[in-house]
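Here's the structure, in structure tokens; my notes come after.
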Amino acid sequence: RHASSHQPPSLKGIESLKSTLPHLEQINASPRVFRIRNLLTKQECEHLMLMAFRKGLSKTMIMPYGTHKLVESSTRTNDGAWLEFLQDDVV
């Protein structure tokens, strides 16, 4: 038998691979806030943003605790757009 020329992956290579896979990172303990790193590619993010712009962004509404009415937030500054579930391969 000949010795295999296949070498096991280096630890550096494994760490490099791990850095490209989605992983959860806790940002704050109370309130609990997490960030999911590498969930979407740059191209997927750009695609979702383009779809949101085309749909039309509007002031994000909230439903205050104990109510069933959507109102404009006095503290949030983001805009949003509702995209249809499974409207394409990315959504």
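Bear in mind the structure is a predicted one, so any value in this text is a computation, not a measurement.
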Tell me whether Ile36 shares a hydrophobic cluster with Phe34, the cluster being built from Ile, Leu, Val, Met, Phe, Trp, Tyr side chains joined at under 4.5 Å. yes
Quick check on the hydrophobic clustering: are Leu50 and Val90 connected, directly or via other members, by side-chain heavy-atom contacts under 4.5 Å? no
Stepwise side-chain contact (heavy atoms from CB on, under 4.5 Å) test for Asp79 and Lys59: CA-CA 5 Å; Asp79 292 335; Lys59 188 83 170 150; 4.2 Å; yes
Answer yes or no: are there more than 12 heavy-atom neighbours, outside Asn28 itself, under 6.0 Å from its atom CG? yes
Donor + acceptor pair across side chains of Thr20, Asn38 (<3.5 Å): no
Roughly how far, to the nearest 0.5 Å, is the CD atom of Gln43 from the CG atom of Leu48? 12.0 Å
Student check: side-chain heavy atoms of Gln87 and Met51 closer than 4.5 Å: yes
Can you name the closest pair of heavy atoms from Glu84 and Val91 and give their distance? O-CG1, 3.2 Å
What is the minimum heavy-atom distance between Leu39 and Glu44, and which atoms define it? O-OE1, 4.3 Å
Where Gly56 and Ala81 come nearest, the two heavy atoms and their spacing: O-CB, 3.7 Å
Counting only N and O atoms by type, is there a donor-acceptor contact under 3.5 Å from the side chain of Ser73 to the main-chain atoms of Ile62? no
Which distance, rounded to the nearest 0.5 Å, do you find between the CD1 of Ile27 and the CZ of Arg35? 4.0 Å
According to a hydrophobic-cluster definition based on side-chain heavy atoms being under 4.5 Å apart (Ile, Leu, Val, Met, Phe, Trp, Tyr only), do Leu40 and Leu24 belong together? yes
Under a single-linkage definition using a 4.5 Å side-chain heavy-atom cutoff for Ile, Leu, Val, Met, Phe, Trp and Tyr, are Met63 and Val71 assigned to the same hydrophobic cluster? no
Before giving the answer on side-chain contact (heavy atoms from CB on, under 4.5 Å), spell out for Thr41 and Glu46 the whole-Å C-alpha distance, their side-chain angles and the decisive distance to 0.1 Å. CA-CA 9 Å; Thr41 66; Glu46 290 171 354; over 6 Å; no
Is it true that Leu57 and Leu83 fall in one hydrophobic cluster, defined by side-chain heavy atoms closer than 4.5 Å? no
For residues Pro64 and Lys69, report the shortest heavy-atom separation together with the two atoms involved. CD-O, 3.5 Å
